Structures are given as structure tokens and as C-alpha cells.
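Order of the sequence lines fixes the chain letters, A, B, ..., with proteins taken first and strands second; residue numbering starts at 1 for each chain. Since we're looking at a predicted model, the values are computed, not measured.
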2 protein chains.
Amino acid sequence: MIAACKTSKRKKPTDFRKAADVFKALANPNRLLIVDALGKGEKCVADLTELVGLDISTVSNHLSVLRKVGLLVDERRGTQVFYTLKNACVLKIFCCLDEFHAHLGR
Amino acid sequence: MIAACKTSKRKKPTDFRKAADVFKALANPNRLLIVDALGKGEKCVADLTELVGLDISTVSNHLSVLRKVGLLVDERRGTQVFYTLKNACVLKIFCCLDEFHAHLGR
DNA sequence: ATCATACTTCGAAAGTTTGCCAAATTACAA
DNA sequence: TTGTAATTTGGCAAACTTTCGAAGTATGAT
């Protein structure tokens with residue numbers, strides 16, 4: 001039996017669906033690469049495209065997946081669109097994962 | 001710019017792939033329901049099948065997805081197989097998500 | 001206005017996931 | 001050993017994801 005967190009309350013089916021949507025958005029190595037990069041500061045689509053090495057349309061799609069679940073915000077400045085992490089929680093989740101893999105020993 | 005966690009180090013492509021696999025395992029409402037239930041203690045497949053309301057073979061598949069990424073461990077006792085959370089990190093991730101949704105206001 | 005740049009949206013192909021059913025496996029009991 | 005209960009595995013169809021290239025949109029420069 002493991003202690004739950006302070007903020008946790010009785011969960012409804014929609015809670016699991018919403019949570020699953022966020023995990024779905026994070027369930028792709030290229031999107032994780034993007035999130036990790038944005039953890040260091042905002043980037044435009046072209047920068048991220050160079051980083052992940054896929055077609056710009058594909059990267060744009062990945063960005064929209066992350067934006068739709070509220071992980072990112074976009075801001076147009078001139079012809080460029082800059083993306084930023086919406087909040088630090090995602091990076092915390094990364095930390096939990098680091099711990100998890102350390103615990104697993106892989 | 002957001003502070004990274006203490007344990008974070010330079011990430012390799014395989015790190016993102018492994019992390020994505022864990023998120024993939026969590027990217028399904030029924031599997032989240034299972035993880036949440038197991039947070040309260042071990043359960044056998046039949047118990048979990050009743051909980052999620054899908055075919056037992058489907059639940060068995062979900063459990064194997066979660067086991068493969070190291071989130072669960074199984075233990076056979078007689079004819080039954082009991083599943084347990086491998087560690088508390090997953091529940092911490094849930095907490096991060098709760099925070100995230102609170103921050104988003106949905 | 002026209003053009004170039006930066007990005008998004010659409011449509012299609014290939015691959016993956018989810019679910020059910022039926023068949024196979026495992027452990028125990030009679 | 002034959003049967004029965006619990007779980008896993010294999011096969012399949014429907015739905016979803018990933019990627020690309022082409023076409024579309026928005027902004028700023030000429």
C-alpha cells in the first residue's frame with residue numbers, strides 16, 4: 001500500500017480520460033525531445049524541426065498535439081511561431097521518470 | 001526558463017524512447033484505472049476485470065503492457081495471479097498531473 | 001500587388017493499439 | 001487423470017497514430 005498525494009481525490013472516468021490524453025501526448029520520443037528542449041526556453045518551429053530531424057509539417061503536428069492537452073503555448077511574432085512550456089509540472093514528471101528508471105536499474 | 005530536477009542529466013535518444021514507452025503504457029484510461037486501483041494494494045486479474053468492465057483477455061493484455069515497462073510485478077499464488085505496483089513513482093506522476101490540471105483550471 | 005518565409009492543414013500510406021472471441025496454458029482438486 | 005477455474009496467447013477488425021508531401025494561410029519585404 002502506497003501513500004497517495006495530498007491533492008488526490010476520488011477519481012471519475014473523465015479524470016482517467018483526461019490524464020490518459022496527457023500521457024498520450026507524452027507517449028512519443030520526438031514529442032519528449034521537443035518538451036525537453038522547451039524546458040530550456042522557448043523555440044520556434046524551425047528550431048524544433050532541426051532538432052528532431054523530421055518534416056516541418058510533422059513537427060507542427062506534434063506541437064499541436066502537445067498544445068491541445070495544454071502542455072505548450074504558442075505565440076506568433078512576425079512570421080515565426082514560438083512555443084513555450086505552459087508550466088513546470090511536465091518537467092517534474094520527467095524527474096519522476098528518471099527516479100523510476102533509476103529504481104528499475106536500466 | 002524552468003529549473004530541471006536534481007537527477008536530470010544529458011538525455012540520449014534511447015532515454016526518450018524508454019520514457020515514451022512508459023508514457024505509452026500510461027496512455028490509456030483503462031490502464032490508468034488499473035494503476036490507480038493497484039495504488040490501494042494488490043489485486044488479481046479477476047478483481048481488475050470486474051473493476052474495468054472489459055473482457056478478461058483485454059485486461060490481461062493491459063496488465064502485460066504495464067508489466068513490460070516495469071510498472072507492475074505479478075505473483076502467481078495457486079490459480080490466481082496477483083498484480084502489484086512496482087514502486088510509488090507512478091503515483092507521484094499522477095500527483096504531478098493533478099497539479100497540472102489544477103493549474104490549467106479544467 | 002507580388003513575393004518569400006514560416007508555419008499549418010489536408011490527404012494518403014504504413015504502422016500501432018484496442019477490443020473481443022476462441023484456443024492454449026497453468027495449477028489445483030476429485 | 002480427468003476436470004475445472006484462472007489467466008495468457010493468437011487472430012482478427014476497427015480505430016487511431018505517425019509520417020510525408022502538397023496545398024493553404026499569415027506576415028513582412030520589395
Side-chain angles (χ1 to χ4, degrees), chain A residues 13-14 16-38 41-85, chain B residues 13-14 16-38 41-85:
Chain A
T14 54
F16 291 113
R17 251 178 274 129
K18 280 195 290 186
D21 285 342
V22 176
F23 286 127
K24 238 175 256 176
L26 294 170
N28 175 288
N30 292 315
R31 286 197 291 270
L32 290 182
L33 183 51
I34 290 170
V35 169
D36 185 62
L38 292 178
E42 68 163 23
K43 301 240 178 328
C44 71
V45 181
D47 291 346
L48 293 167
T49 297
E50 202 191 351
L51 179 78
V52 304
L54 295 173
D55 195 279
I56 190 169
S57 66
T58 306
V59 172
S60 181
N61 260 316
H62 283 317
L63 289 167
S64 104
V65 169
L66 292 165
R67 187 170 35 70
K68 269 178 196 142
V69 297
L71 288 167
L72 305 185
V73 287
D74 58 341
E75 187 196 335
R76 181 175 275 271
R77 292 209 292 281
T79 62
Q80 288 172 300
V81 177
F82 290 87
Y83 279 86
T84 324
L85 283 191
Chain B
T14 53
F16 291 112
R17 251 177 274 130
K18 278 194 291 187
D21 285 342
V22 176
F23 286 127
K24 237 175 258 176
L26 295 170
N28 175 287
N30 291 316
R31 285 197 293 268
L32 290 183
L33 182 52
I34 289 170
V35 169
D36 185 63
L38 293 178
E42 68 164 24
K43 303 238 178 328
C44 72
V45 181
D47 291 345
L48 293 167
T49 298
E50 202 191 350
L51 179 78
V52 304
L54 295 173
D55 194 278
I56 190 168
S57 66
T58 305
V59 172
S60 180
N61 263 310
H62 282 318
L63 289 167
S64 103
V65 169
L66 292 165
R67 188 171 34 71
K68 269 179 197 143
V69 298
L71 288 166
L72 305 185
V73 286
D74 57 340
E75 188 195 336
R76 181 176 275 272
R77 292 210 291 280
T79 62
Q80 289 172 301
V81 177
F82 290 87
Y83 280 86
T84 326
L85 283 191

Working note: H62(B) + L54(B), criterion side chain to side chain contact (heavy atoms under 4.5 Å, CB included); need CA distance, chi angles, decisive distance, verdict.
CA-CA 11 Å; H62(B) 282 318; L54(B) 295 173; 4.2 Å; yes
Would you check, one step at a time, whether the test side chain to side chain contact (heavy atoms under 4.5 Å, CB included) holds for L85(B) with L72(B)?
CA-CA 5 Å; L85(B) 283 191; L72(B) 305 185; 3.5 Å; yes
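- A salt bridge links D21(B) with K24(B): the distance from a Lys NZ or Arg NE/NH1/NH2 to an Asp or Glu carboxylate oxygen falls below 4.0 Å.
- Side-chain N or O atoms of R76(B) include one that pairs as donor or acceptor with a backbone N or O of G78(B) at under 3.5 Å.
- Contact annotation for Y83(A): backbone-only contact, meaning every heavy-atom pair under 4.0 Å involves sugar-phosphate atoms and none involves a base.
- Between D74(A) atom CG and dT8(C) atom P the separation is 7 Å, expressed in whole Å.
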Working note: L38(B) + T84(B), criterion side chain to side chain contact (heavy atoms under 4.5 Å, CB included); need CA distance, chi angles, decisive distance, verdict.
CA-CA 6 Å; L38(B) 293 178; T84(B) 326; over 6 Å; no
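- What separates CD of E42(A) from P of dA6(C) is a distance of 16 Å, to the nearest Å.
- Read 5' to 3', the first and last nucleotides of DNA chain D with an atom closer than 4.0 Å to a heavy atom of chain B are dA6(D) to dT9(D).
- Taking D74(A) as the reference, nothing meets the side-chain hydrogen bond (donor to acceptor under 3.5 Å, both in side chains) condition, with sequence neighbours excluded.
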Nucleotide-resolved protein contact map, nucleotides 10-22 of chain C, B/S/- at heavy-atom distance under 4.0 Å:
-------SSSBBB
Passes side chain to side chain contact (heavy atoms under 4.5 Å, CB included), K68(A) versus V65(A)? Steps please.
CA-CA 5 Å; K68(A) 269 178 196 142; V65(A) 169; 6.0 Å; no
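- In this structure, R67(B) forms no cation-pi arrangement with Y83(B), as its terminal cationic atom is not both closer than 6.0 Å to the ring centre and no more than 45° off the ring axis.
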